[in-house]
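Heads up: the structure comes next, in structure tokens.
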Amino acid sequence: MNKILKIYKLLYDEYKPQGWWPILMSNESEEYATLYHPNDFSYPKNRDQRFEISIGAILTQNTAWKNVEKALINLKKQDLLNCKGILRVNEEKLKELIRPSGYYNQKAERLKIFADWFSKLRKIPQRNELLSLKGIGPETADSILLYAFKIPSFVVDAYTKRTFYALGLIKKDSKYEEVKHLFEQNLPKDFKLYQEYHALLVEHAKRFYLKNKNSKEDFLKTKIHH
DNA sequence: AACCAGGACGTGA
DNA sequence: TCACGTCATGGT
């Protein structure tokens, strides 16, 4: 078994399935929260849910999910968490609603641009189409493809790089596409596996590779060799 | 009370 | 191509 797949199995055995992507739900008392759904890999119910996941991917750029959740709830309460809603609301109002997620000036503009593109979307998007939109870089594009459209496109984030650099599997200055290829060339092309692997790496890195606070020794270091 | 979070873009060399 | 500054709120 190759090392990349072995690491996945070690992570999967260590942590519970993570159930990304978190979706906005309301409980009995009509309070909203984003919830994870372990072992649920069903295709997004409808167009609105694919849109919600995409918007979340944009809003979470360099931002803690808790802050994104606040923004999503603000939009939902105004019935604006859908393509038409984002197109309808005026940009200043949009800025106000997504303010908790940070960078709200640029993110508001980018949500508008994305909603405009999404409204004309009639087929599965290509990666290059997404990358051509202002505000969507490689990680956001891959997140949208993988979680909103269930296309096996591996997501590489800062946590992934930190962990794999610590394990000696990539260089510190490895490019996004290099790391992406490393995973995709060593894994079966399975969107469920890609989703779970990415989420598990985030969970692992939060425990062992928080910036400037890597106190504990990564258990993977000893186990990946035998 | 600094430091950082599930990045991306514009600029200058 | 690429290093660097910028964008911004909220949690620890």
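Lettering of chains follows the sequences in order, A, B, ..., and the numbering in each one begins at 1.
Using a 4.0 Å heavy-atom cutoff across all strands shown, A158(A) reaches sugar-phosphate atoms only and no base atom. The residue Q106(A) sits close to a base: some heavy atom pair falls under 4.0 Å. Counting non-hydrogen atoms under 4.0 angstrom, L133(A) reaches the backbone sugars and phosphates but no base. Here K107(A) lies out of heavy-atom contact (under 4.0 Å) with every strand. Residue contacts shown for I58(A) are absent, as no nucleic acid heavy atom lies under 4.0 Å away. Counting non-hydrogen atoms under 4.0 angstrom, K95(A) reaches nothing in the nucleic acid.
Among dG6(B), dA8(C), dC2(C), the nucleotide with an atom closest to any side-chain atom of N105(A) is dA8(C). Picking from dT9(C), dA8(C), dG7(B) the nucleotide with the shortest atom distance to the side chain of Q61(A) gives dG7(B). When distances are taken from the side chain of P138(A) to each of dA8(B), dG10(C), dG7(B), the shortest belongs to dA8(B). Residue W21(A) places its side chain closer to dG6(B) than to any other of dG7(B), dG6(B), dT9(C).
Contact check, Y104(A) against dT9(C): a side-chain N or O comes under 4.0 Å of OP1 or OP2. An OP1 or OP2 oxygen of dC7(C) is reached within less than 4.0 angstrom by no side-chain nitrogen or oxygen of N62(A). Checking the phosphate oxygens (OP1, OP2) of dA8(B), a side-chain nitrogen or oxygen of T140(A) falls inside 4.0 Å. Dashed line: the shortest gap from a side-chain N or O of K206(A) to OP1 or OP2 of dA5(B) is not under 4.0 Å. OP1 or OP2 of dG11(C) sits under 4.0 Å from a side-chain N or O of K70(A).
We find that CG of N67(A) is positioned 15 Å from C1' of dC7(C), with the value rounded to whole Å. Distance, I23(A) CD1 to dG6(B) P: 18 Å, rounded to whole Å. Computed from coordinates, the D173(A) CG to dC4(C) P distance equals 13 Å when rounded to whole Å. One interatomic measurement links the two molecules: CD1 of I53(A) to C1' of dG6(B), which rounds to 15 Å at whole-angstrom precision. Between L59(A) atom CG and dA8(B) atom C1' the separation is 14 Å, expressed in whole Å. To the nearest angstrom, P of dG6(B) lies 9 Å from CZ of R162(A). Computed from coordinates, the K180(A) NZ to dG7(B) P distance equals 16 Å when rounded to whole Å. Rounded to whole Å, the distance from CG on L210(A) to C1' on dC3(B) is 12 Å.
With salt bridges taken as basic N to acidic carboxylate O contacts below 4.0 Å, one links K120(A) and D116(A). Note on K134(A) versus E109(A): salt bridge recorded, some NZ/NE/NH1/NH2 to OD/OE distance being below 4.0 Å. In summary, K123(A) and E129(A) engage in a salt bridge, as defined by a charged side-chain N under 4.0 Å from a carboxylate O.
One donor-acceptor pair, N or O on each side, does fall under 3.5 Å between the base of dG6(B) and the side chain of Y36(A).
Defined by atom type and a distance below 3.5 Å, a donor-acceptor pair is missing between the side-chain atoms of K84(A) and S119(A).
Rounded to whole Å, the separation between the P atoms of dG6(B) and dT6(C) comes to 23 Å. To the nearest whole angstrom, the two P atoms, one in dT11(B) and one in dA8(C), are 16 Å apart. Rounded to a whole angstrom, the distance from the P atom of dA1(B) to that of dC7(C) is 24 Å. Taking the P atoms as reference points, dA8(B) lies 22 Å from dG10(C), given to the whole Å.
Note that the NE2 atom of H204(A) and the OH atom of Y197(A) stand 10.0 Å from one another [nearest 0.5 Å].
A cation-pi contact, defined as under 6.0 Å to the ring centre and within 45° of the axis, links R99(A) to Y104(A).
Looking at which nucleotide of DNA chain B each of R110(A) and V202(A) is closest to, the 5′-most match is held by V202(A).
Residue S174(A) is tested with E177(A), E178(A), K172(A) for a side-chain contact (heavy atoms from CB on, under 4.5 Å); the sole match is E178(A).
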